[in-house]
Amino acid sequence: YVTSSESAEKISETLCRVRGAPLKLGQMLSMQEENLIPKPFRDAFERAKQAADVMPKKQLYQILEKEFGENWKEKFESFDDVPLAAASIGQVHKAVLKDGREVAMKIQYPGVAKSIDPDLNNLKMLFEYTNILPKRLFLDQIINVSRQELKEECDYLLEAK
């Protein structure tokens, strides 16, 4: 399998840009034993855990308008455009409600829930075709766990319970 630092860095940058299932899978691969994943790739996957790209402000506002209506800003005392954190399926913003309560708002990236299955299926084919990962790595199990975790993470109502 390919182990160059340059290839690993390109993978890390791509994972951060595309987010969703590919980033989640990279995060899970970063936790594998050193003898299973070459160090340059483990390091790249680890960097990807900390560096998801944030959604553009225009896209963020479109999502908020869809969820809260055209005058969504009027429902809040304040809303921070800059996220506190960005992760594989969404980002978190600080907001203050009209009653003065500070809240953390999780905003899901558009289409991320619908793309879980096709993204993971495509990644599996890519990994198998390129032999970028060792055969002894249980890729099917990692993908299945990623799939389950992503679907649960995308269900914000389930998480709120």
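For this chain, numbers begin at 1 and follow the sequence in order. Values below: every heavy atom of this structure, side chains too, minus hydrogens, waters and symmetry copies.
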Is the number of heavy atoms from other residues, nucleotides or ligands within 6.0 Å of NZ (Lys58) greater than 12?
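No, because the 6.0 Å sphere around NZ of Lys58 holds 12 heavy atoms or fewer from other groups.
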
Step-by-step side chain to side chain contact (heavy atoms under 4.5 Å, CB included) determination, Glu149 to Glu153
CA-CA 6 Å; Glu149 285 185 8; Glu153 287 177 28; 4.2 Å; yes

Roughly how far, to the nearest 0.5 Å, is the [atom2] atom of [Y] from the [atom1] atom of [X]?
{"X": "Lys98", "Y": "Ser78", "atom1": "NZ", "atom2": "OG", "answer": "9.5 Å"}
{"X": "Ser146", "Y": "Lys151", "atom1": "OG", "atom2": "NZ", "answer": "12.0 Å"}
{"X": "Ile142", "Y": "Leu120", "atom1": "CD1", "atom2": "CG", "answer": "11.5 Å"}
{"X": "Glu152", "Y": "Asp155", "atom1": "CD", "atom2": "CG", "answer": "8.5 Å"}
{"X": "Ile143", "Y": "Asp117", "atom1": "CD1", "atom2": "CG", "answer": "11.0 Å"}
{"X": "Lys94", "Y": "Phe79", "atom1": "NZ", "atom2": "CZ", "answer": "12.5 Å"}

Is the closest side-chain heavy-atom distance between [X] and [Y] below 4.5 Å?
{"X": "Lys106", "Y": "Ile89", "result": "no"}
{"X": "Met105", "Y": "Leu64", "result": "yes"}
{"X": "Leu97", "Y": "Val103", "result": "yes"}
{"X": "Arg147", "Y": "Ile116", "result": "yes"}

Is a side-chain N or O of Tyr109 found less than 3.5 angstrom from the main chain of Gly90, in a donor-acceptor match?
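A pair under 3.5 Å: yes.
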
Where the side chain of Gln91 meets the backbone of Met55, is there a donor-acceptor pair that is under 3.5 Å apart?
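Yes: the side chain of Gln91 pairs with the backbone of Met55.
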
Going by the salt bridge (Lys or Arg N to Asp or Glu O under 4.0 Å) test, which pairs reach into residues 67-85, not counting sequence neighbours?
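Qualifying pairs: Lys57-Asp81.
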
Grab the two heavy atoms, one from Val112 and one from Ser88, that are nearest each other, plus how far apart they are.
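Minimum heavy-atom separation between Val112 and Ser88: CG2-O, 4.3 Å.
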
For the student: nearest non-hydrogen atoms of Val54 and Pro83, plus distance:
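In this case the closest contact between Val54 and Pro83 is CG1-CG, 3.4 Å.
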
ring-ring contact (aromatic ring centres under 6.0 Å, His included) contacts touching residues 142-161 (sequence neighbours left out):
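Checked against ring-ring contact (aromatic ring centres under 6.0 Å, His included) - neighbours excluded - no pair reaches residues 142-161.
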
Is Phe76 linked to Ile107 within one hydrophobic cluster, defined over Ile, Leu, Val, Met, Phe, Trp and Tyr using a side-chain heavy-atom separation of less than 4.5 Å?
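Per the 4.5 Å side-chain linkage, Phe76 and Ile107 are co-clustered.
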
Using side chain to side chain contact (heavy atoms under 4.5 Å, CB included), reason through Glu65 and Asn71 one step at a time and then give a plain yes or no.
CA-CA 7 Å; Glu65 188 173 303; Asn71 300 319; over 6 Å; no

Can you list the other members of the hydrophobic cluster that holds Leu84, where links are side-chain heavy atoms under 4.5 angstrom apart?
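Once heavy-atom contacts under 4.5 Å are chained together, Leu84 belongs with Val92.
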
